[in-house]
2 protein chains.
Amino acid sequence: MPTIEDVAKQAGLSRTTVSRVINDQPYVAEEKRQRVKEAMDLLGYVPNSSARRLRNQKTETIAILLPNITNPFFSHLIEAMEIKASAWGYRVIICQTHEDEKKELDYLELLRTKQVDGVIMTAVRNEWSKIKPYLTYGPIVLCNENVRGANLPVVYVDHEQAAYEATRHLIQQGCRHLAYLSGGNDSIVAQNRQKGFLKALNQSGLSPVLDEKMEGAYTIDHGRDVLHSLVQHHPNVDGVFTGSDEVAAGMIHEAKQLGLRVPDDLAVVGFDNQAISLLMSPSITTVEQPVTEMGEHCVETLVHYIEHPSVLFRQEIVFRHQLLVRDSTQQRVTMIS
Amino acid sequence: MPTIEDVAKQAGLSRTTVSRVINDQPYVAEEKRQRVKEAMDLLGYVPNSSARRLRNQKTETIAILLPNITNPFFSHLIEAMEIKASAWGYRVIICQTHEDEKKELDYLELLRTKQVDGVIMTAVRNEWSKIKPYLTYGPIVLCNENVRGANLPVVYVDHEQAAYEATRHLIQQGCRHLAYLSGGNDSIVAQNRQKGFLKALNQSGLSPVLDEKMEGAYTIDHGRDVLHSLVQHHPNVDGVFTGSDEVAAGMIHEAKQLGLRVPDDLAVVGFDNQAISLLMSPSITTVEQPVTEMGEHCVETLVHYIEHPSVLFRQEIVFRHQLLVRDSTQQRVTMIS
DNA sequence: TTGTATGCGTTATCAC
DNA sequence: GTGATAACGCATACAA
């Protein structure tokens, strides 16, 4: 494994000169620059990244914290983030927290131990007081998440408004007994969605159907479970706002198994506009988020803070969402032949 | 940011002793061990990982190369790998190659520049002669992939046998005009599947329907396109073996749109047993791979080679697959009331 | 324009 | 048991 020293010897020059060539610095005679390059090629030299990190106090690596990569929302987010990070010359370490407070903190340690230059959190379980100290060691950006009291860049869509629109739509379709599924933990995102849900109900003088079994639902299987719970305990429910297309898909699938008609007996709204929402029959009414743009923006913001260190300040970037109405809430228009 | 030196001063001891405590080494008096620990707590000391890397010539990081994280097969693989790697104390860098030869090599450079200790490749576009040189810098393990001439650990299922079984099943269901979709690039995996497909056909004296439009299909949209191509150019096809549930789902969805009945007019087999294969109606007959076990095994093999350096030798670990017969190939049995 | 010397923070070697 | 000291490989202040 050749070092800069070996290259210097081979070229008959000093380490400094070689270093200058490596880093494209000026004040190197063109002739010597060539000599160095030849020596590097000859020896197959590559700068040792560990040494560079130590010397430069930079890792060119970022960590992305997320609950679970198999959730399509997150895998799409990561896809965009990795591409953008890579374009900026950064590596991406993936950190699945599985909604575990301790794991979340363990991964934040990457910042303190200088293994990454910055962190993007797409889900936060710890309270702000636990997170805040890590800002000493590098920037943190929140994506699709929010934390009470946190003063750092936050990227998301207006979940309250989205839920409000979706719920209004359900009411317009004739639903009168509506249930809300958070689509995640007791995060602020979930709370905001609930706010929007309740607001729409209040405006129409309706009251919500709530059930603790419906909290924390964010997988297909949760959707199945919830549907059973609904049928058993709240058979009059005729419309559901869920926090994810997976939950919606699970509910619809199970509803069909039980002979319920969607949307006639039960209308369902999902979230995220995943591939599955179009493939299901009936197709799923859902809320689209600009995942790619959000991911890219997060990376750019983070990289900016990494390369221009300064005190982080609260900065909310709200992306536009869109309600996509499909068959799971709307009667298909009968073909007139 | 306190260093080991600061801790030493604070404790009134030498760097060496502090280092011994950090690394849980013997030959430190219990009393001093305590003093060091107190000093570390007091100063909030954390070992600097960059310095450690340089000194130990180890990064405790691995790179996972994959085409695209949004493909559920890969996201499930990564999930398992990340968990296992984390349990072994390794970080995971995610590297999306997007089927690009150059990106693949760029990411392999992580090995040469000492940014990772080892690499798992879940897709290979370059030929062996391009990959081989990197083995000088660290171990590489292939997952769900194979390369002609490669002498390194390879983890996969028997795709030829799986395709054979799936195709036989289609024939048993009465299909006589069968088409094959590789479900990926012109990889050895795809070739093996094709072998199995053709073997089953030969045994029954049938000949395949082939179409260049069907190569490289591995997304829902590809599935849609392929179906159109099929309807247009090969309307007599009554059975398809696809390389992924996504493609199968896309085909089925589009077939329904066009008024084709599945499986009556067209039977479809997928691959991977993704969530979607159960949610679609009809549910999709598919081949299950033990993704989690495969991912875990890859990481364990790689970590083994990292921690016990030795010449890599060819070593094939074949996991068991299973054909899951569902409604996309089989008439639903009518309930007798 | 080039080279020398120093330090980034850690751990291993060796002497005490 | 403990502590000086020398690397690990690189990049920069400073001298020439």
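Labels below follow one simple rule: chain letters A, B, ... track the order of the sequence lines, proteins then strands, and each chain is numbered from 1.
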Peer 1: To the nearest Å, how far apart are A:E31 CD and C:dT2 C1'?
Peer 2: 13 Å

Peer 1: Side-chain donor-acceptor pair under 3.5 Å between B:E5 and B:T3, yes or no?
Peer 2: no

Peer 1: Does C:dG3 have OP1 or OP2 sitting under 4.0 Å from an N or O in the side chain of A:T17?
Peer 2: yes

Peer 1: Would you mind reading off the distance between B:M1 atom CE and C:dG9 atom P, rounded to a whole angstrom?
Peer 2: 10 Å

Peer 1: Looking at B:E38 and B:R35, is any side-chain nitrogen of the basic one under 4.0 Å from a carboxylate oxygen of the acidic one?
Peer 2: no

Peer 1: Round to the nearest Å and state the distance from A:Y27 atom OH to C:dG3 atom P.
Peer 2: 17 Å

Peer 1: Answer yes if the side chains of A:N48 and B:R53 hold a donor-acceptor pair under 3.5 Å, and no otherwise.
Peer 2: no

Peer 1: Report the distance from atom CG of A:L13 to atom C1' of C:dT4, rounded to the nearest whole Å.
Peer 2: 14 Å

Peer 1: Do you see a donor-acceptor pair shorter than 3.5 Å between the side chains of B:T122 and B:N144?
Peer 2: no

Peer 1: Work out how much the helix from C:dT1-D:dA16 to C:dC16-D:dG1 bends between its end axes, five pairs an end, to the nearest 10 degrees.
Peer 2: 40°

Peer 1: Please check if any side-chain donor atom of A:Q115 sits under 3.5 Å from a side-chain acceptor atom of B:R52, or the reverse.
Peer 2: no

Peer 1: Test your reading of the model: is there a side-chain donor-acceptor pair from B:Q96 to the backbone of B:I69, 3.5 Å cut-off?
Peer 2: yes

Peer 1: Could you write nucleotides 10-16 of chain D as a row of B, S and -, 5' to 3', where a protein heavy atom under 4.0 Å of any base atom gives B, of only sugar-phosphate atoms gives S, and otherwise -?
Peer 2: BBB----

Peer 1: Within less than 4.0 Å of OP1 or OP2 of C:dT1, is there a side-chain N or O belonging to A:K32?
Peer 2: no

Peer 1: Please round to the nearest 0.5 Å and tell me the distance separating atom CD1 of B:I64 and atom CD1 of B:I93.
Peer 2: 10.0 Å

Peer 1: Whole Å only: how far is the NZ atom of A:K114 from the P atom of C:dT10?
Peer 2: 11 Å

Peer 1: Can you confirm whether the side chains of B:S14 and B:T17 place a donor and an acceptor under 3.5 Å from each other?
Peer 2: yes

Peer 1: Output the rounded distance in Å from CD (B:Q57) to P (D:dA7).
Peer 2: 14 Å

Peer 1: Assess, by modelled atom type and distance only, whether the side chains of B:Q289 and B:Y156 contain a donor and an acceptor separated by less than 3.5 Å.
Peer 2: no

